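Below you'll find the structure, written out as structure tokens, and then a few comments.
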Amino acid sequence: MSARVALTVAGSDPSGGAGVQADLKTFAALGAFGTAVLTALTAQNTRGVAGVHVVPAGFVREQLEVLLDDVAVHAVKTGMLADTAITRVVAQALGAHPAPLVVDPVMVATSGDRLLDAAAVAAVRDELLPVADLVTPNVPEAAVLLGSGAARDPGEVVEQAEELLRRTGTAVLLKGGHLGGPESVDVLAEPGGTHRITRPRLGSASTHGTGCTLSSAIAAVAARGDGAPASWLPVVEEARDYLQGALAAAGDLHVGSGNGPLDHSFAQRPHRGTT
């Protein structure tokens with residue numbers, strides 16, 4: 001039986017909690033063979049981003065072309081794309097590829113550091129999202145994509161998710177973690193309907209890479225199928241369960257002195273729970 005292959009197109013996080021490193025760990029944990037195309041190198045740790053070195057767009061294109069010419073990829077996720085030129089290269093290359101495409105529109109790190117060039121936002125919205133199958137913004141990112149104020153409650157999250165679906169034609173998983181409260185409520189808006197996906201909010205301070213991990217978990221689960229699913233709901237539910245387990249176990253890692261990483265390998269540690 002051939003391996004099911006997932007591809008991440010994203011930046012590097014040397015601290016291992018986010019970016020390509022988190023994506024590859026997540027792929028492996030969920031049974032996908034991980035491949036990666038790098039868009040940027042960062043100098044960062046659990047306390048923040050000190051510097052970014054962007055990979056030339058032409059070399060990003062070369063990485064994609066050489067990889068896809070040889071390896072059968074069954075699902076793709078994008079993360080940090082850094083600038084307009086890279087965003088356009090990625091949209092052109094992946095728009096012509098049959099694998100389902102999950103876009104995590106990485107704009108701002110958890111620490112508050114800006115990771116996406118302001119001019120690239122329009123390219124993500126107008127060129128990348130129309131060729132994607134699912135986009136996974138958080139509340140601030142959805143506001144940027146819509147050019148509106150940030151959602152203030154779950155009802156507004158539903159409205160913004162549905163509006164982003166209407167504008168782009170792409171299914172939307174709008175993550176409501178920024179809203180606070182006892183539960184974390186995400187909203188999935190897709191052509192077949194709108195769904196609320198709710199999990200108990202965990203009190204962990206180790207949340208570095210949650211967005212990267214969720215989008216890569218969705219891609220890993222989607223890679224098991226043939227093409228984009230008829231509904232993203234069961235895929236997202238399984239990915240959200242994985243994220244919940246990784247968050248619940250994160251406090252035992254004690255990596256770094258800032259916003260620590262998730263435990264992507266929690267299921268391989270039998271003494272740790274999953275909730």
Side-chain angles (χ1 to χ4, degrees), residues 1-10 20 22-36 72-79 94-95 97-106 128-138 141-142 157-158 161-162 164-165 168-177 183-200 209-248 262 264-267 274-275:
M1 180 178 176
S2 299
R4 305 304 290 181
V5 178
L7 166 63
T8 171
V9 182
V20 163
D23 296 340
L24 292 175
K25 293 173 189 177
T26 301
F27 291 164
L30 290 169
F33 181 86
T35 58
V73 171
H74 302 99
V76 185
K77 71 142 289 188
T78 66
L94 298 181
H97 193 273
L101 172 58
V102 179
V103 171
D104 181 12
V106 177
L128 184 59
L129 293 193
V131 301
D133 295 285
L134 178 71
V135 59
T136 64
N138 57 30
E141 290 162 348
V157 171
V158 170
E162 293 178 340
L164 195 53
L165 167 64
T168 66
T170 300
V172 178
L173 177 66
L174 208 169
K175 300 170 292 187
E183 293 185 322
S184 177
V185 181
D186 301 332
V187 173
L188 173 65
E190 55 184 353
T194 300
H195 318 274
R196 295 193 185 201
I197 299 165
T198 304
R199 297 291 185 279
T210 52
C212 302
T213 298
L214 180 58
S215 58
S216 55
I218 292 169
V221 176
R224 301 172 193 163
D226 296 313
S231 171
W232 284 97
L233 182 59
V235 176
V236 170
E237 290 278 12
E238 181 175 346
R240 192 63 183 80
D241 285 341
Y242 170 77
L243 177 64
Q244 194 80 352
L247 279 166
L262 313 185
H264 298 90
S265 302
F266 72 91
T274 59
T275 61

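Treat the numbers as computed from the prediction; the structure is a model and nothing was measured.
In this structure, Leu214 CG and Lys175 NZ are separated by 6.0 Å, a value rounded to the nearest 0.5 Å. Distance check, rounded to the nearest 0.5 Å: CG of Asp241 to CD of Gln244 gives 7.5 Å. Rounded to the nearest 0.5 Å, atoms CG (Leu164) and OG1 (Thr170) are 8.0 Å apart.
Partners of Asp186 according to the salt bridge (Lys or Arg N to Asp or Glu O under 4.0 Å) rule, which considers only residues two or more places apart in sequence or in another chain, are Arg240. Every residue meeting the side chain to side chain donor-acceptor pair (under 3.5 Å) condition with Glu237, not counting sequence neighbours, appears here in chain and number order: Arg199. Among residues two or more places apart in sequence or in another chain, the ring pair (Phe, Tyr, Trp, His ring centres under 6.0 Å) test is passed with Tyr242 by Phe266. Contacts of Ser265 classified as side chain to side chain donor-acceptor pair (under 3.5 Å), with partners at least two apart in sequence or in another chain: none. Here Lys25 pairs with nothing under the salt bridge (Lys or Arg N to Asp or Glu O under 4.0 Å) rule; sequence neighbours left out. Here Ala161 pairs with Val172, Leu174, Val187, Ala189 under the side chain to side chain contact (heavy atoms under 4.5 Å, CB included) rule; sequence neighbours left out. Applying the side chain to side chain donor-acceptor pair (under 3.5 Å) criterion to Glu238, with sequence neighbours excluded, gives Arg224. Checked against side chain to side chain donor-acceptor pair (under 3.5 Å), Thr78 has no partners two or more places apart in sequence or in another chain. For Val5, the side chain to side chain contact (heavy atoms under 4.5 Å, CB included) partners two or more places apart in sequence, or in a different chain, are Phe33, Thr35, Val71, Val73, His74. Listed by chain and number, the residues in a side chain to side chain contact (heavy atoms under 4.5 Å, CB included) with Ser231 are Glu190, Leu233, Pro234 (sequence neighbours excluded).
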Quick one, Val185 with Val157, criterion side chain to side chain contact (heavy atoms under 4.5 Å, CB included). Give me CA distance, side-chain angles, the key distance, then yes/no. CA-CA 9 Å; Val185 181; Val157 171; over 6 Å; no
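Between Leu128 and Leu94, every side-chain heavy-atom pair lies at or beyond the 4.5 Å cut-off. In this structure, Pro105 and Thr136 have side chains that are in contact, with non-hydrogen atoms separated by less than 4.5 Å. Looking only at side-chain heavy atoms (C-beta outward), Lys77 and Cys212 come within less than 4.5 Å of each other.
Partner of Leu134 under the side-chain contact (heavy atoms from CB on, under 4.5 Å) criterion, out of Leu188, Asp104, Leu101: Leu188 alone. Remark: of the listed residues Val135, Val235, Ile218, Ile218 is the sole one forming a side-chain contact (heavy atoms from CB on, under 4.5 Å) with Leu173.
Between Ala22 and Thr213, the shortest heavy-atom contact is CB-OG1, 4.2 Å. The heavy-atom pair separating Ala75 from Ala99 by the smallest distance is N-CB, 3.8 Å. The nearest pair of heavy atoms linking Ala36 to Val20 is CB-CG1, 3.8 Å. Heavy atoms only, all atoms of each residue included: Asp23 and Ala10 are closest at OD2-CB, 4.0 Å. In this structure, Ala142 and Pro137 approach most closely via the heavy-atom pair N-CB, 3.8 Å. Pro100 approaches Trp232 most closely through the heavy-atom pair CB-CH2, 4.2 Å.
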